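So the structure is just underneath, and the comments pick up after that.
Quick caveat: nothing in here was measured; it's all calculated off a predicted structure. By convention in this document, chain letters (A, B, ...) are assigned in the order of the sequence lines, proteins followed by strands, and residues within each chain are numbered from 1.
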Number of protein chains: 2
Amino acid sequence: MAMLAIGRLSKDSGVKIPTIRYYESIGLLPPPVRSEGNRRLYPPEAVRRLRFIRHARELGFEIDAIRRLADLAQDPEKPCCEADLLARRRLVEIEEKISRLAAQREELVRMIGDCAHGRIEECRVIDTLDDHAKCLHAKH
Amino acid sequence: MAMLAIGRLSKDSGVKIPTIRYYESIGLLPPPVRSEGNRRLYPPEAVRRLRFIRHARELGFEIDAIRRLADLAQDPEKPCCEADLLARRRLVEIEEKISRLAAQREELVRMIGDCAHGRIEECRVIDTLDDHAKCLHAKH
DNA sequence: CTTGCTTCTCCAGTGACTGGAGATTGTAGC
DNA sequence: GCTACAATCTCCAGTCACTGGAGAAGCAAG
Ligand SMILES: [Zn+2]
Ligand SMILES: [Zn+2]
Ligand SMILES: [Zn+2]
Ligand SMILES: [Zn+2]
C-alpha cells in the first residue's frame, strides 16, 4: 500500500500539518511509522480517520468526545447508545449557546435601534452598557 | 469618600477577585491606590466601571472593544458613531455564530433522529461523521 | 552540487480568565 | 497583648484547540 507523507495527508484530509502533529501529541491520532529519514508515513486509512475528526470538530464536538466517537467507530458490534448520547449532549450545548446568543442579539438590536447617533451622552449603546437595569430581559 | 477593598468591589460588581486583578494587569481597569499594607483600595466609581465591563462581556464584546467602549463612555461630548459601530460589529459576529450553530443543530437533529439505536455498524451518528458527503447542507 | 521544498523538533503565543502555593496583613474575640 | 481566622498579596501554571516561528535536517530535480 502507498504510504502518505504528512503534506499529502494534510491536503487529502483538509487538516493542517501542525494540527495533525498536535492530534498525534494528544493521542487522538495514532503515531505513524517513520521513514529512514524520520518522516511520518501514514497508511491510507489515516485520511478517513482525520476526516472523521474534522467533521466532528466542525460539529463542535470536544476532543474528548471525538476520542470516544472515533474509538466507537472502530467497534461495529457495540451498541451505539454512547455515540447517540454524546450527540445529544452536543445538541443540548448548541441549543444553550444559541439561546444565549439570541438574547445578546435581541439586546444589541434594541441598543442599536434606539440610538439616535448623536453624542456619547445620549448614546443608547453606552447607556445600556452602563446600566444593566435598562436591559429588561436581564437573562445573559 | 469610602474606599472599597477588592472583596467588596468584587461583591458589588459581580466580578471575581482574580478577574479584577487580571483586568488591572491588562490595563482595562486603572490600578487603584494602595493601603499602608499594600492592599488595593478602590473609589466607589470602580463599581460602575466594572459593571459596565461585565455587562459588555455578557454581551460577548472582546476586551479590546470594551476598552474602547469604556473610554468612550468617559467622553460625553464625542459623537457616538464609534460605539455604535462596535455594537454593529458585535451583532454581525453574533449572527454568524448563530447561523453556524443552527447548521450544526440541524445536522445533529437529523443524525440523532435517523438513528435506530442499534449497533455502531448501523448508527447514523457514526455513519454521518464518517462521511461528510452524507450531510447534504455541507455548509459548516 | 546546489537550490528549493518538505519535514523535523521544540517552544511560545492566542483569549479571557481561573486557581493554587505560600506569604503577609487586618480584625475580632479573649 | 495574643491568637485565630479571614482577606489579600504576588507569582506562576493551567485551561482549550490549535497556530506559527526558529533552526536544523532530509529529499528530489536540474
Ligand atoms: Zn450611539
Ligand atoms: Zn443586558
Ligand atoms: Zn446511533
Ligand atoms: Zn456535516
Atom-to-atom span, CG of A:L9 to P of C:dC8 - whole angstrom
11 Å
Are A:D12 and A:R8 within salt-bridge range, i.e. N to O under 4.0 Å?
yes
Between B:L41 (CG) and D:dC9 (P), how many Å, whole number?
9 Å
Does C:dT18 have its OP1 or OP2 closer than 4.0 Å to a side-chain nitrogen or oxygen of B:T19?
yes
Could you check how far CE of B:M3 sits from C1' of D:dT8, rounded to whole Å?
16 Å
Short side-chain to backbone donor-acceptor contact, A:H55 and B:D131, under 3.5 Å:
no
Please give me the minimum heavy-atom distance between A:A83 and B:C123, naming the atom from each residue.
CB-SG, 4.3 Å
Would you tabulate the pairs of protein nitrogen or oxygen atoms and nucleotide nitrogen or oxygen atoms of nucleotides 12-16 of chain C closer than 3.5 angstrom?
none

Candidates C:dT9, C:dC17, D:dT8 - which lies nearest the side chain of B:I6
D:dT8
May I ask you to say whether A:E93 pairs ionically with A:R90, meaning some side-chain N is under 4.0 Å from a carboxylate O?
yes
N/O donor-acceptor pair, side chain A:R39 with base C:dT6, under 3.5 angstrom:
yes
Rounded to the nearest Å, what distance is computed from the CD atom of residue A:E36 to the P atom of nucleotide D:dA28?
11 Å
For A:G37 and A:P18, take the nucleotide of DNA chain D holding the closest heavy atom to each; which residue's nucleotide lies nearer the 5' end?
A:P18
Check this one for me: any side-chain N or O of B:R21 less than 4.0 Å away from OP1 or OP2 of D:dC9?
yes
Between atom CD1 in A:I20 and atom P in D:dA17, what is the gap in whole Å?
18 Å
Is it true that B:E121 and A:K78 make a salt bridge, defined as a side-chain N closer than 4.0 Å to a carboxylate O?
no
Using atom CZ of A:R8 as one end and atom C1' of C:dC5 as the other, report the distance to the nearest whole Å.
16 Å
Nucleotide D:dT8, atom C1' - distance to NZ of B:K11 in whole Å
12 Å
For the residue pair B:H117 and B:E122, confirm or rule out a side-chain donor-acceptor distance under 3.5 Å.
no
Of C:dT7, D:dT10, C:dC8, the nucleotide closest to the side chain of A:R40 is C:dC8
Would a distance-only check, ignoring hydrogens and angles, find a side-chain to backbone donor-acceptor pair under 3.5 Å from A:S13 to A:L50?
no
Rounding to a whole Å, what distance do you find between B:E24:CD and D:dT8:P?
14 Å
